[in-house]
Amino acid sequence: MNCSNTVGAVASRYAFLLQQLCSPRQTPLSAYLARTVHAHAVASGFNLRGPILNRLIDIYCKSGRLRHARLLFDEIPHPDIVARTTMVTAYSATGNVNLAREVFGGTPKGMRDTVFYNAMITAHSHDNDGNAAIRLFCEMQRDGFRPDNFTFTSVISAVGLVAESEKHCQQLHCVVVKSGTGFVTSVLNALVSAYVKVALSPLVALPKSVMGSARLLFDEMPVKDELSWTTMITGYVKNDDLDEARELFDGMEEKLVVAWNAMISGYVHRGLLQEAFKMFKKMYLSGVQFDEFTYTSIISACANASFLLLGRQIHAYILISGPKPKPGLHLPVNNALLTLYSKCAKLDDARLVFNKMRVKDLVSWNAMLSSYVNSGRMNEAKEIFQEMPEKNLLTWAVMIAGLAQNGLGEESLKLFNLMKLQGFQPCDYAFAGAITSCAALGSLKSGRQLHSQLIRLGFECSLSAGNALITMYGRCGVVGDARNLFLTMSVVDSVSWNAMIAALGQHGHGVQAVELFEEMLKEGILPDRITFLTVLSACSHAGLVEEGHRYFDAMHDIYGITPGEDHYARMVDLLCRAGKFSDANDMIGKMPFQPGPQIWEAFLAGCRNHGNMELGIQAAERLFEMIPQNDGTYILLSNMYAAKGLWDNVSRVRKLMRDQGVKKEPACSWVEAENKFHVFMVDDTAHPEVNAVYSYLKQLVLEMRKLGYVPDTRFVLHDMESDQKEHAISTHSEKLAVAFGLLKLPRGATVRVFKNLRICGDCHNAIKYISKVVGREIVVRDGKRFHHFKDGECSCRNYW
DNA sequence: ATAGGGTTAG
């Protein structure tokens, strides 16, 4: 650009500055220079002319001062086509298509040229508006402008966005050939890239054949540059054909960073982490500089493979790598690091990265949110959720599922409704969270409603929602519904099988649970450690000692799963319930690690059931050492003494508990009736209809006594007069909830009662009699297990 | 004054 005349005219001391200004290199200083010159010109009343004006506009645009550029542009009486093109390009690059259109439309046709049209076509293409780009392409030809290389590359890059784009690609290919640009590498590159985009469209029936067209074009290109190779390679990666991509990649002479990145990200995406790491190493050895995209992919690989150490090393490498490319400031890199630490359960490191980030997006917030949720720190999760500047479907889903899994079912359901109120259509993942809450709360009614909503929305084939529904039906006491769903689901995975086996096991159908497990094996589904936990629980619930032993051995010997403490605890539970204490002791002795609380809790519970005082006390002592704040130990021990009438010992345990400052979790039971939950505490006086419940219970007890019911006052924990004991026992929360359910639910309907702690032995016996007196089915869930009472019997074995 | 390739969170 020659501007020596103007230089002299403005002011000689600006000569150097203006020369700098006119150099085509854009530096951070350019914007400052532009402002200085501009201000000086205004102050001295000098009219800047043509090329200098355009240069100023260009600099303002490129340094993000769009408003300055526009002001200058508006001041010019007759902006030439170059100035107009610069404005259109600047608006397009900043996502202001409407403003670009305005400048374009305000330009008379006589003034336009091909470059101007090209800029506008590019603007539409950046705006993902393929149709507008094509329309303008046709319009310019009608107006007599011949498309050039630039026109073709722009319009071709836009057709990938249009529904009938395969046709368009072919048509454009013809036009290109006729126009004589059929040998131009940049045009052909664009065409290859367009075919790749088309192949990715879900509307295309045969993506492979479209990729074939792209490949043919690539193979027949007269001159290929690195971009041609890279386009073809990334095309294959995007279309999930890593083998083809790799073959081309290996044949490439000068491998661009982008090609390396595409290969690595492809492997990570496919879960081929070993390959990704190998590639990364090769890239390092080849001397190609990593960039932000390399780091994001390889950190993500570390996160998925739980390679915390390598991830940390790369993090360090990023921090010390020179100031030129600043990957440490790149948002996706930081998001990947955040995910790495989150997945490796390094919450503090994740928080550190999060706090240091100057710019955060939804991804960052969601990643931080899920790391709190996954580690069960719901208070911090709630804080993050509140603070977030915006939320998306995933945010809601993660929070709803997180509350559900951490025992905050009611809050979770509230949030699910709030989500809908705020105009979000819940995805299947959010549904799964809400359904999990219904499972925990025992809200069969809401669960069923959610199920029908899912069907209406067409989500019924969703695995996560389906699996949640199986669990929900199981945990709400309707195993039949769980089974029906399981049988009709079009796709199931190991989680579905696990959920179904668990449902059967929890309801005491141990034999059926084991049969289903065998069926799972026959179908060729690999059991995981959860499957074995579930199966062992089912065996224990149903007293299947031999089967339990067999599966425990098979887990390790056949399926190569090392039993954890939880698996050993299930075995101890199974053996103790069956009264085989010496076998249980042998099992503990064989463990490759020190027995933890889970083991001794199972042991203590077994001792309590069988009245094995000596071993029970030993187990309790271990637990006092390990988890002194756990109320369960004190309760079990004190129950055990109470059952034998050793009241002195009972009060010693209670005193110990007081001295240690341990509080018993208050027992409560609830029942769903008349569209809401009714919660009862022991000796409840808070519920509005409690008087009716007490008088109905009194009536029931008279009938029950006729059939032989005798209150079992061993389950009263305090030493008191026997009639007081009887009163204490008759007001247990589960009895109140059962009576209330019988009063309120429709005639003949099954009463489903839920209790947070384990059911008391007398209540267990009493409810058997109640079921006989009223001739109705009563289901009680205490913790995780179910008791089905019918005709004076209970389905469970070995429970008391 | 204008064009063509890559990345992230459940």
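Residue numbers begin at 1 in each chain, while the letters A, B, ... track the order of the sequences.
Here B/dA3 is the nucleotide among B/dA3, B/dT8, B/dG5 with the atom lying nearest to any side-chain atom of A/F150. Nearest nucleotide to the A/T234 side chain, out of B/dG5, B/dT2, B/dG4: B/dG5. The side chain of A/L394 sits closest to B/dG10 out of B/dG5, B/dG10, B/dG4. Closest approach to the A/V82 side chain among B/dG6, B/dA1, B/dA3 is made by B/dA1 (side chain taken as heavy atoms from C-beta onward). Closest to the side chain of A/D225, out of B/dG4, B/dT8, B/dA3, is B/dG4. Set against B/dA9, B/dT7, B/dG5, the side chain of A/S297 has B/dT7 as its closest nucleotide. Side-chain proximity of A/P332 to B/dT7, B/dG4, B/dT2: nearest is B/dT7. Considering only side-chain atoms of A/D361, the nucleotide from B/dT8, B/dG10, B/dG5 that sits closest is B/dT8. The side chain of A/N366 sits closest to B/dA9 out of B/dA9, B/dG5, B/dA3. Of the listed nucleotides (B/dA1, B/dT7, B/dG4), B/dG4 has the atom at the smallest distance from the side chain of A/T153.
If you take OH of A/Y236 and P of B/dG5, they are 18 Å apart, rounded to a whole angstrom. Separating the CG atom of A/N118 from the C1' atom of B/dA3 is a distance of 8 Å, rounded to the nearest angstrom. A/N261 places its CG atom 13 Å from the C1' atom of B/dT8, with the value rounded to the nearest Å. Atom pair A/N467:CG and B/dG10:C1' shows a separation of 16 Å (rounding to whole Å applied). Rounded to an integer number of Å, the gap from OH of A/Y295 to P of B/dT8 is 17 Å. Atom CD of A/Q405 and atom P of B/dG10 are 14 Å apart (whole Å). In this structure, the CG atom of A/N149 is 15 Å from the P atom of B/dT2, given to the nearest Å. Protein atom CH2 of A/W365 is 14 Å distant from nucleotide atom C1' of B/dA9, rounded to whole Å.
At the heavy-atom level, A/L338 lies nowhere under 4.0 Å from the strands shown. No contact: A/N374 has no heavy atom under 4.0 Å from any strand. Across all strands shown, A/S186 has heavy atoms under 4.0 Å from base atoms, whether or not it also approaches the sugar-phosphate.
A donor and an acceptor atom sit less than 3.5 Å apart, one in the side chain of A/T85 and one in the base of B/dA1.
Under 3.5 Å, the side chains of A/R351 and A/N355 contain a donor-acceptor pair of N or O atoms.
For the OP1/OP2 pair of B/dT8 and a distance below 4.0 Å, the side-chain nitrogens and oxygens of A/H269 include at least one atom meeting the criterion. Residue A/K238 has a polar side-chain atom (N or O) positioned under 4.0 Å from OP1 or OP2 of B/dG6.
In this structure, A/Y317 and A/F290 have perpendicular ring planes: the angle between them is above 60°, well past the 30° mark. Taking the six-membered ring for Trp and thresholds of 30 and 60 degrees, A/F116 and A/F104 have nearly parallel ring planes, at less than 30 degrees apart.
For A/K420, the NZ atom counts as densely surrounded, since its 6.0 Å shell holds more than 12 non-hydrogen atoms of other residues, nucleotides or ligands.
The shortest side-chain heavy-atom distance between A/T151 and A/R146 does not fall under the 4.5 Å cut-off.
The six-membered or imidazole ring of A/W396 lies away from that of A/F416, with a centre-to-centre distance of 6.0 Å or more.
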